[in-house]
Structures are given as structure tokens and as C-alpha cells.
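Inspection log for the structure reproduced underneath, given as C-alpha cells.
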2 protein chains.
Amino acid sequence: MDNKSTEDYIKSIYRLEQDNGTALTTSLARLLGVGAGSVTDMVKKLSDKRLLHYEPYQGAKLTPDGKRLALKMVRRHRLWEMFLVTFLNYKWDEVHDEAERLEHVTSEGLEQRIDKALGYPKVDPHGDPIPTAEGELIDVSYKSLSDCNVSDEGVIVRVSDDSPEMLQLLTKLGLGLNTKIRISQKVKYDGSVIITMGGREIPLSPVMSKSIFINIPE
Amino acid sequence: MDNKSTEDYIKSIYRLEQDNGTALTTSLARLLGVGAGSVTDMVKKLSDKRLLHYEPYQGAKLTPDGKRLALKMVRRHRLWEMFLVTFLNYKWDEVHDEAERLEHVTSEGLEQRIDKALGYPKVDPHGDPIPTAEGELIDVSYKSLSDCNVSDEGVIVRVSDDSPEMLQLLTKLGLGLNTKIRISQKVKYDGSVIITMGGREIPLSPVMSKSIFINIPE
DNA sequence: TAATAAATTTAGGCTTACCTAAATATAAAT
DNA sequence: ATTTATATTTAGGTAAGCCTAAATTTATTA
């Protein structure tokens with residue numbers, strides 16, 4: 001059983017479990033880009049390795065060991081992203097794929113040295129929190145623009161890392177972490193959100209406004 | 001055919017071909033830690049991929065494509081070694097294994113950024129030359145201590161990266177790149193070489209003296 | 001409640017890179 | 001030149017992680 005596959009499965013299961021309470025076969029298959037049958041195979045093997053609990057037809061849930069591994073991978077991924085931006089002049093839209101590869105060949109020692117070189121950062125370039133070495137994930141409180149009300153204001157503290165294209169667009173619009181914005185209008189008709197930022201009015205699509213978070217407790 | 005195996009075979013073949021003119025099956029097997037039968041299998045596949053020429057019983061020799069790949073891997077390995085030392089406080093005896101893993105997940109872009117961040121270095125932390133992006137390997141001229149004569153003197157420009165233990169010992173003795181030394185005696189009895197360095201006399205075993213090189217043209 | 005749809009598992013296969021042991025080729029030594 | 005030793009190849013097998021299609025289970029809808 002090889003490193004990369006195991007780690008990718010565990011990461012995906014972790015994400016699905018966070019979102020849906022359990023990682024169903026088909027969702028996993030879609031996320032990993034493999035067939036459903038392959039997932040069933042692999043999930044059984046990971047269950048044998050005590051990384052997850054598997055009940056046929058009920059999906060998978062990580063064991064404490066599995067969760068520990070998942071958080072370790074998330075930590076490595078986000079540390080690498082931060083490192084690439086800080087030391088190698090990557091932009092926030094360029095780091096995801098590189099980190100995806102690097103995370104699988106990162107020793108304990110390398111992880112520690114990167115952490116130290118960065119001054120023990122708490123978040124990655126997209127504002128996602130970096131789990132501690134002990135596997136603790138402190139989540140900051142924030143609210144997506146689509147959940148905000150008109151005249152809410154705050155500072156962008158997190159942006160979804162789902163699409164480089166979207167991140168590039170934000171850069172172009174002058175929006176980044178720590179940018180101060182205000183909700184100026186919510187368009188019922190199409191679900192857009194219009195924000196003001198330094199005097200300018202910027203309209204954001206529904207998807208976009210779900211991807212941007214400001215520091216207002218939910 | 002996966003990345004890592006292909007790259008490891010090509011690297012090993014490159015090294016053997018440099019040393020012996022050809023990469024014989026058994027040597028390759030020993031270097032890679034696999035059985036001879038496995039090597040024959042794999043070498044045939046690499047031959048199909050036009051990375052090497054293979055004549056049964058005669059060993060393998062890289063094609064231009066194969067050599068290009070080999071030098072690319074050597075370049076990435078040595079850039080990573082330099083990077084780990086320069087940016088992450090690794091010692092020269094700690095970098096080999098990390099680089100061995102990192103080199104296989106290094107994109108073109110990452111390679112370039114590391115190169116730039118380091119200021120386009122010419123050698124790695126052990127004094128091994130770093131091939132250019134175009135695959136050119138400029139080898140510096142040097143001579144191993146065992147090939148030197150009494151009263152030869154110069155500066156250490158390269159040290160074999162074969163054993164972390166040996167590198168640690170050198171550090172302990174105060175010997176590193178750019179250290180100035182002089183051959184003070186060659187002991188016929190056991191093949192030792194005695195050097196002077198900053199007034200101190202330091203005896204070096206035959207193996208050790210084959211692993212240290214100073215800047216005297218051969 | 002029975003029929004239908006959707007999700008999941010099972011079964012049989014493929015490829016890659018490895019293994020071991022037997023067969024064969026080459027090289028060395030008598 | 002023939003034997004002996006060494007190197008190499010061949011042949012048959014294995015484990016991982018994937019695939020597809022058939023069988024089964026679960027969920028939904030009539």
C-alpha cells in the first residue's frame with residue numbers, strides 16, 4: 001500500500017466527513033477521480049490498517065489514527081503553500097498543485113524546519129488554518145459574503161482554494177487577505193453581492209460570494 | 001511506468017555509465033536494491049521508451065533523451081540540497097535523503113524558482129557541480145588527496161556525498177569546502193594521508209583521502 | 001407495497017514493478 | 001578446449017491500485 005494513495009484517500013475522506021458526516025463511496029470516487037469499485041477496494045484496505053471504520057453501504061469514517069494522518073497531511077499541504085509564497089515568490093493561485101505533490105514526500109524534520117523558517121504561521125496564503133504539529137485545528141470564526149447582510153463590514157480572512165482562476169480574478173480586482181470591504185447590496189434577482197472597497201463598487205457572483213469570508217463571527 | 005522508478009533507474013544508469021562506460025545488470029541491481037531479473041525487465045521497458053540502448057548481456061547505455069533526463073534529475077537533486085542548506089538550515093550530511101525524495105516531485109517551474117532563489121549556484125553543498133537547465137555539466141578540475149603528492153596544497157572543492165557519517169566526521173575535524181590544506185605525509189604502510197590544516201596535523205584513512213578533493217588540476 | 005432508480009459491492013482483469021528459481025550465455029581458469 | 005564460475009535472461013508469480021460490468025442493496029416513487 002503506497003504512501004500517496006493512502007494519503008490522498010485519507011485526505012478526501014477527511015474533507016467529506018467534515019462536510020457530510022460520512023464519506024460515501026461515490027463522492028469519494030468523484031473527488032479522487034477513480035471508479036466506485038476501486039474506492040470500495042481501497043477503503044477496505046484502509047479499514048484493515050485501522051485508519052477508518054467502514055460499514056458496507058454506509059460509507060467511511062476516520063479513526064483517531066486516520067484523523068491524525070489527515071491533519072498531518074493538511075498541515076504539510078498548507079505549510080508548503082505558505083513556504084512557496086514566502087520563499088519562492090509563488091502567487092496564491094499557483095501553490096495548490098505544487099503542495100499537493102510535495103506534501104507526500106515531506107519528512108517530520110522537513111515539516112519542522114519549514115514551520116520554523118516561516119515563524120510558525122497560523123494560516124496559509126488563502127487564510128486556511130494550519131493544524132498544529134499535535135493535530136489541532138483552530139478554526140477562526142468568519143462568515144461568507146453570501147451569509148452577510150447589507151452594511152456588514154470586515155476584513156477578508158479566508159478565500160476558498162478551489163480554483164486558481166478565481167484566485168487570479170480576485171488579485172486582479174485588488175482583493176486579497178486583509179482587504180477591508182463592506183457589503184453594499186445584495187441582489188435578490190441573481191444572488192449577486194455588491195461590495196465596496198476603497199470607494200469602488202465591486203459586484204460578485206453568487207459562487208464568488210460564497211468563496212470569500214470576512215471576520216464576522218457567525 | 002511510474003515516475004520515481006524510471007527516474008531512479010536512469011540516474012543509476014547514468015552514474016554507472018560515467019564510471020564504467022556501461023551499466024551492467026548486476027551493478028544496477030545492487031545500486032537500486034532490486035533483483036537482477038527485475039532490472040532486465042525494467043531496462044527493456046526503458047529501451048522501448050527510447051531512454052537507453054540495451055544489448056542483452058552487454059548492459060545499458062543512455063540515449064540523448066535518457067542522458068537529458070539523468071542530468072535533469074541530478075540538477076534537481078543538487079539544487080534541492082543547496083536549497084535545504086541555504087534556506088532551511090540543513091547540514092551537508094542531512095540533505096541527501098531529503099533531496100532524493102523531493103527531486104521526483106519537482107516541476108519545471110519549481111526548479112527554476114529554486115535556482116533563482118539561490119542565485120543560480122554552480123555547485124551543491126558537497127562541491128558537486130549542478131548541471132545547467134540545458135543539461136550541461138561543467139566539471140571543475142580537482143584531485144583527490146590520495147592522488148596528491150607530499151607538499152601539494154590547495155583548497156577543498158569537493159567531498160564525496162556517499163556517507164553522512166563521513167561528512168559529520170569532516171565537520172568535526174573542521175574540514176569543509178574552501179578549507180585550505182596541505183599534504184604533509186603519505187603513509188606507505190596503510191595508505192593514510194596526513195594533512196596540515198591551520199597548523200594542525202590530521203591523519204586521514206585511505207578511503208577518506210579518496211573522498212576529499214582539492215583544486216589542483218589532475 | 002411493489003416497481004424503479006440510484007448507489008454500492010463483487011468479480012474478473014490489467015499494468016507496473018517487483019520476486020525467485022531455472023535456464024542460458026559469457027568469461028575465467030585449468 | 002573444456003570445465004567452472006559468474007552474469008544475465010527467462011518464466012511464472014505476487015501485491016497495489018486501478019478498470020469495467022454484473023449483481024446486489026438501499027432509497028425513492030408510484
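A note on names: the letters A, B, ... follow the listed sequences, proteins ahead of strands, and every chain is numbered from 1.
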What integer distance in Å separates A:K45:NZ from D:dA15:P?
11 Å

Going by side-chain hydrogen bond (donor to acceptor under 3.5 Å, both in side chains), name the residues that satisfy it together with A:D161, two or more places apart in sequence or in a different chain.
A:H96, A:H126

From CG of B:N3 across to C1' of D:dG17 the rounded distance in Å is 17 Å

Counting only non-hydrogen atoms, which of residues 21-36 of chain A are less than 4.0 Å from DNA chain C?
A:L24, A:T25, A:T26, A:A36

For A:V187, the side chain to side chain contact (heavy atoms under 4.5 Å, CB included) test, sequence neighbours excluded, returns A:Q185, A:Y189, A:D190, A:S192, A:I194

Give me each pair satisfying ring-ring contact (aromatic ring centres under 6.0 Å, His included) with a member in residues 33-66 of chain B, each pair once, sequence neighbours excluded.
none

Measure CD/A:E55 against P/C:dT8 and give the value in whole Å, please.
14 Å

Does a nitrogen or oxygen in the side chain of B:Y9 sit under 4.0 Å from OP1 or OP2 of C:dC18?
yes

Whole-Å distance, B:D8 CG to C:dA17 P, equals 11 Å

Among residues at least two apart in sequence or on other chains, which ones pass side chain to side chain contact (heavy atoms under 4.5 Å, CB included) with B:V74?
B:Y14, B:R78, B:P131

Contacts of A:S38 and B:Q58 projected onto DNA chain D by closest heavy atom; the upstream (5') one is B:Q58

Taking only N and O in the side chain of A:K44, is any of them less than 4.0 Å away from OP1 or OP2 of C:dT9?
no

Give the nucleotide from the list D:dC18, C:dC18, C:dT16 with an atom nearest to the side chain of A:S5.
D:dC18

Just compare C:dT24, C:dC19, D:dT26 and give me whichever is closest to any side-chain atom of B:Y57.
C:dT24

In whole Å, I'd like the distance from the CG atom of A:D48 to the C1' atom of D:dG17.
15 Å

Using whole Å, what does the distance between atom C1' of nucleotide D:dC18 and atom CE of A:M42 come to?
10 Å

Going by an N to O cut-off under 4.0 Å, is there a salt bridge joining B:D115 and B:R75?
yes

For the pair made of CG in B:L46 and P in C:dC18, what is the distance, rounded to whole Å?
10 Å

Salt-bridge present (A:D48, A:K45; N to O < 4.0 Å):
no

Report the residues that fulfil side chain to side chain contact (heavy atoms under 4.5 Å, CB included) with A:K72, sequence neighbours left out, ordered by chain and then residue number.
A:R76, A:E108, A:E111

